[in-house]
2 protein chains.
Amino acid sequence: MADFPAPGFTGSPLVRIDIERGNRGYFDQQVASLSARLLRLDGLTPQVTDDGRLSWGSLAEADPQAELALLGLIDGKPRFVSLARVDEDPAQRTTAMNTALTMLEPEEAATYAAARCLVDWHSRHGFCARCGRESRVFRSGWARLCDRDQGGCGIEHFPRTDPVVIMLAEFEDRVLVGRQHRWPQGRYSALAGFVEVGESIEEAVARELHEEAGIVVRDVRYVASQPWPFPSQLMIACIARAESNLINLDANELEHAQWASRDDVRAALAGSSDAPFLAPPPYAIAHTLLTAWLGEAGSDQPTMRSRPWG
Amino acid sequence: MADFPAPGFTGSPLVRIDIERGNRGYFDQQVASLSARLLRLDGLTPQVTDDGRLSWGSLAEADPQAELALLGLIDGKPRFVSLARVDEDPAQRTTAMNTALTMLEPEEAATYAAARCLVDWHSRHGFCARCGRESRVFRSGWARLCDRDQGGCGIEHFPRTDPVVIMLAEFEDRVLVGRQHRWPQGRYSALAGFVEVGESIEEAVARELHEEAGIVVRDVRYVASQPWPFPSQLMIACIARAESNLINLDANELEHAQWASRDDVRAALAGSSDAPFLAPPPYAIAHTLLTAWLGEAGSDQPTMRSRPWG
C-alpha cells in the first residue's frame, strides 16, 4: 500500500507477553530460565555490535540492587532490562547515543526503544503522583503500584506515551520545512508538536502549523507512525494542504522555515552537496515523511488541484 | 476526502492561546476581563442546555479556594474552568454523564473534553512523580510545577494523553466486532487497546488484534481520530486486513466477538430492531469507524482482493 520504507524504531521481533505481566510465577520462571538475556545499556545508551545489533548478556550482569523488567520474548528467549535508576535528561542525545542510532538496524532500535522508555520512566516516576508516596515496580516492570500495604493509595501507574504530530504543509507541489535554533547547521525538518488533551490528530496538525508558521490547512492525511524514545513519544506523521504559502513564523519555536520543491527534497534525502537543506536522519519519521511525499508522484500538482474537490 | 461525519469530541471552537500560557500578566488580564466565562461542571459532569450546548457562568461562580485554568478563547471571550479537586473515577461514566453525552453537540463535547481532562488530571496529579513533593498549578492551568522555591526538584509536569488504537479487522467483506462483559446487553464495538512504549500505531493494532482475538493482520490503514476524556485517551481508529477469520478469544478481555457483514453493520448503525448487535453511540469513534467502513463501498470485496497486491 505504502511505497516508502518502514519508519525507524519499528519492526521489533519482541513478543510482548502482556497477558502474563501480572503473573509473578511466570516472571520468576523466566528469570530462572537458562536462556534469559539482559539488554546491555550504559545508562540509557545501548551497546551496539559492529553489525548494528543490540548486545545481550546474562542476568548475572544485572545490578543486584535493581529490579528487572521482562520486555518479552525474542527467538523464544526471555529478554530483560535492568531498572537501575538512571539520572540522565532523556530528551538529550549524547554523541554516543547518536552514533548508536546511526548504527542500529530499525528493528533493533525498536526493541531498544521499548527498553529505554521503561528504564527512563521508572527512573523519573518513583513516587505516586496522586498521594506522593513511594511506589514500587509492578506487573513485571510494565507498571508501578502505590502499595496499600506500604500506606499508599492503591493506584497503579503505567508508562507514559505522548502522542506528537509531525507534519508537512503542502502548497503548489512544495512542502514546508523548518528549523529550530539548537539543530545542526543547515538541518530542516517537518514541524511537530504535542497532541493536547481534547483534540484529535487532525486538529493538532492544524493548530501547530498555525501557531508555529501561521499556515492555515485543510485535508490532513495520515502517513505513518513511529515510537520516539527521547523520552517517550508516539510520532504521528501527516501531510496537510495549506491554503496559502505565506509564512508567519513563531520565533520562539522556529528559527526559519521554507517551502521545499520535489527537487529540493530529493537532493536533501540523497545528501547531495548542493541540496538546499540537510535532511533529518533516516531513523527519524520526518525522513520517512519526506520520502513518502516524494513517492506520491505529484498527486498534489496544480493541474490536479484545480479539480472541484481541490 | 473522507465520506463520513467528523468524529465525536472534535470541532471545538476553542482557540488555545498556547503561546501566552506561561505569561502570568496575560492570565491576570483575562481573569479581570468582563467577558470572562466559567464552564459549569457538577464534579466532572457538564451542565448541558436544552439545545445541546455547554453552560457558562461568570467567574464569580468559581470556588474561591480553587485555581482557574484558562482554556483559551471562544468568540473572543476568555474561557475558564475551575480546578477544584474532584474525587471521581474518571473512567466511569454515570447516567448523568451518559445523558449529557447524548445531548451535547460534537463541538461542544470537544470543548468539554479539554476542560474535563485538565480538571481530572490536576485532581489526580497533586504530587511530583519524580521526588514526591506537592506540585502546584502552572502555565495557566496547562502544567504543574514541582517548585524549587518549595523544596521541589524543579520539574514541570504536563497533562497526560494516552494513545489508544481502536480497529476493525476485515475479512471477505466482514469486520470483526467484539463485546466486553460489562457493556450494555447486545452492544458490540471495535476492539481497542493502549499503544505501548516502543511500538507504532500499526504495530499496536496488530498486537491487540492478535492478543484479544487471535487474528493476524496486515495492511493497517488509518481512518480517523478523536479525544476521549474518560480519562484522557487519544483514540486512533484503523482498519486492518485479517489473514483468516478464525477467532481465538482472550476471555479476560472479551466476552464474545463476531464477524459482521455490511448488512449487519448498516442495520446496527440504523438502530434497526432486527440488527444482530447494538452499535456504539454516535459520539464514540467506533461508530465513525463502522460508518467509514460502510462508506468504502466494498473496496475489499472478494473480486478486488484477488488482485496481486491483495
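So you know, we letter chains A, B, ... as the sequences are listed, proteins then strands, and number each from 1. Computed over heavy atoms, backbone and side chain alike; hydrogens, waters and symmetry mates excluded.
Between the CD atom of Glu199(B) and the CZ atom of Arg16(A) there is a distance of 4.5 Å, given to the nearest 0.5 Å. Here the CG atom belonging to Asn252(B) is positioned 5.0 Å from the CD1 atom belonging to Ile19(A), to the nearest 0.5 angstrom.
Using a 4.5 Å heavy-atom threshold, the side chains of Pro227(A) and Ser200(B) count as touching.
If you measure heavy-atom distances from Ile155(A) to chain B, you find no contacts under 4.5 Å at all. Contact of Pro159(A) with chain B is made through backbone and side chain together, with heavy-atom distances under 4.5 Å. In this structure, chain B has no heavy atom under 4.5 Å from any part of Phe194(A). Interface remark: Ser12(A) contributes backbone atoms only to the contact with chain B (heavy atom separation under 4.5 Å). Looking at Ile236(B), only its side chain comes within 4.5 Å of chain A, counting heavy atoms on both sides. For a residue to count as touching a neighbouring chain, one of its non-hydrogen atoms must lie under 4.5 Å from one of that chain's; by this rule Trp142(A) touches chain B with the side chain only. In this structure, no portion of Ala109(A) lies under 4.5 Å from any heavy atom of chain B. The part of Leu234(A) that comes within reach of chain B is its side chain, from C-beta onward, which places non-hydrogen atoms under 4.5 angstrom from that chain. With a 4.5 angstrom heavy-atom cutoff, Glu202(B) touches chain A via backbone and side-chain atoms both.
Ranked by heavy-atom pairs under 4.5 Å with chain B, the list Arg207(A), Arg133(A), Gln226(A) is led by Arg207(A). Counting heavy-atom pairs closer than 4.5 Å to chain A, the top residue among Ser135(B), Ser225(B), Ala113(B) is Ser225(B). The greatest number of non-hydrogen atom pairs below 4.5 Å with chain B, out of Ala224(A), Ser232(A), Pro163(A), is found for Pro163(A). Here Asp18(B) is the residue among Val195(B), Asp18(B), Thr10(B) with the most heavy-atom pairs under 4.5 Å with chain A.
Side-chain contact, Glu196(B) with Thr161(A): no donor N or O sits under 3.5 Å from an acceptor N or O.
Salt bridge absent: Asp162(B) and Arg160(A) never bring a charged side-chain N and a carboxylate O closer than 4.0 Å.
Close approach to chain B, defined as a heavy atom under 4.5 Å from one of its heavy atoms, is seen in Arg124(A), His125(A), Gly126(A), Phe127(A), Cys128(A), Ala129(A), Arg130(A), Cys131(A) of residues 119-131 of chain A, taken by number.
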*Tyr222(B) and Ile201(A): side-chain contact (heavy atoms from CB on, under 4.5 Å), yes or no, with the steps?*
CA-CA 11 Å; Tyr222(B) 171 88; Ile201(A) 290 170; 3.9 Å; yes
